[in-house]
Amino acid sequence: MHEFLRQLPKVELHLHIEGSLEPELMFELAQRNNIKLPYATVEDVKAAYQFDDLQGFLNLYYQGMDVLRNKQDFYDLAMDYFKRAREEGVVHIDMHFDPQAHLQRGVPLEVVMAGLLQAKDDAEKSLDLSVGMIMAFLRDRPEDEALHVFEQAAPYWKFLDAIGLDSAERDNPPSKFQTLFARAKDVGLVRVAHAGEEGPADYIVEALDILDVQRIDHGVRCLESDAVIQRLREQQTVLTVCPLSNVSLKVVEQLSDHPLPRLLSEGLKVTISSDDPAYFGGGLLTNHLACAEAFGWDEDVFRTLNRHAIEEAFTTEARRELLMQRLMNA
Ligand code: ADE
Ligand code: ZN
């Protein structure tokens, strides 16, 4: 099974590039940029990664990304992850990034975009990897700020596949971002949103009805409402479920309690992703292996999950067809 899962062409639709910052690179960038870290060693960083909930994680996630200052830092962050993912047999990544988290530290949008776009370009040319770009907005900040950043990003709209909504979900419903998402739709951008990770099933409905999203990131709490399950099944809305993330952030107690088997048996369009691999114990292959062990799934289940992901990936039709062929032959 290990060898099958390693060589299986895997696609992840839910990855925060800032959450792929491994402690080793954090130290390297801190040194390069003359930043003093609140940790003495890589082991200290890893020991700090024990979370009680999403907010506990977000505090360290925003602190960790403070080492990202220059174009080369963003390039190295993304390229490092792309290479590791490729070694795990990942062939496509839809990548969220958080411009507001950098702007508020004084890092210009141009710096973030230049580094990430260069890494995407180089990876697509040299690594047999395709990369989708999702500019995410922080739901625990005011909508006005998001609108301002979105307009500031106008020169980059043509490089984006979608906008997203992330950060602290509780008490920050999708409806708070109605104007932003309507504006993104007006300019022809696809929309996705985190919903039903820590927030209630109602937030999934709001994301669908008010933000008109094409994808729900996480969505596991849909199981609290039969009506929401039915809606997601009928529409075949893709859910980007992140199993090891849900364990780390205590959405579930342990992986064997995870509702993934139930989501599949309900006929939902499920995929699996790593979310923030540097913080949650591993990348996409590790997530696959953990699911194989926890749920005893056979090869066909993993083919189905990756077929769903290929169907929904932000890529060209030509690459989608190629990836589908490779999946069939795996
Ligand atoms: N930002 C990075 N990871 C996130 C997650 N799992 N949920 C919400 N916002 C995030
Ligand atoms: Zn996420």
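Values in this document were obtained by computation on a predicted structure and should not be read as measured data. Atoms within each ligand, like the ligands themselves, are counted from 1 in listed order.
Looking at Lys10 and Glu88, no side-chain N of the basic residue comes within less than 4.0 Å of a carboxylate O on the acidic one, giving no salt bridge. A salt bridge is defined here as a Lys NZ or Arg NE, NH1 or NH2 lying under 4.0 Å from an Asp or Glu carboxylate O, and Arg307 with Glu311 meets this definition. Electrostatic pairing of Glu43 and Lys46 does not count as a salt bridge here, judged by no charged N lying under 4.0 Å from a carboxylate O. We find that Glu234 and Arg231 are not joined by a salt bridge, their nearest charged nitrogen and carboxylate oxygen being 4.0 Å or further apart.
Shortest distance from the Zn ion (ligand 2) to Asp275 is reached at OD1 (N/O/S atoms only).
Proximity of Asp217 to ligand 1, defined as any heavy-atom pair under 4.0 Å, is not found for any part of the residue. Contact annotation: for His96 versus ligand 1, there are no heavy atoms closer than 4.0 Å.
Of the protein's non-hydrogen atoms, the one nearest atom 6 (N) of ligand 1 is Asp275 OD2, 2.7 Å.
Side chain of His308 to backbone of Val270: a donor-acceptor contact under 3.5 angstrom is found.
In this structure, a donor-acceptor pair under 3.5 Å is present between the side chains of Asp94 and His92.
Within the listing of ligand 1, atoms 5 (C), 6 (N), 7 (N), 8 (C) sit less than 4.0 angstrom from a heavy atom of Glu197.
Considering backbone and side-chain N/O of Ser245, none are found under 3.5 Å from N/O of ligand 1. Ligand 1 has a nitrogen or oxygen under 3.5 angstrom from a nitrogen or oxygen of Asp276.
Listed here is the closest heavy atom pair of Arg303 and Ala330: NH2-O, 2.8 Å. Closest heavy-atom contact between Ala195 and Ile216: O-CG2, 3.5 Å.
Comparing Glu18, Arg139, His16 against atom 1 (N) of ligand 1, the shortest heavy-atom distance belongs to His16.
The closest approach between Ser167 and ligand 1 falls below 4.0 Å for a heavy atom of the residue. Using a 4.0 Å heavy-atom cutoff, His218 is listed among the residues neighbouring ligand 1.
Rounding to 10 degrees, one finds that the Zn ion (ligand 2) sits at the corner of an angle of 90° between His14 NE2 and His194 NE2.
Distances from the Zn ion (ligand 2) show that His16 has an N/O/S atom below 2.8 Å.
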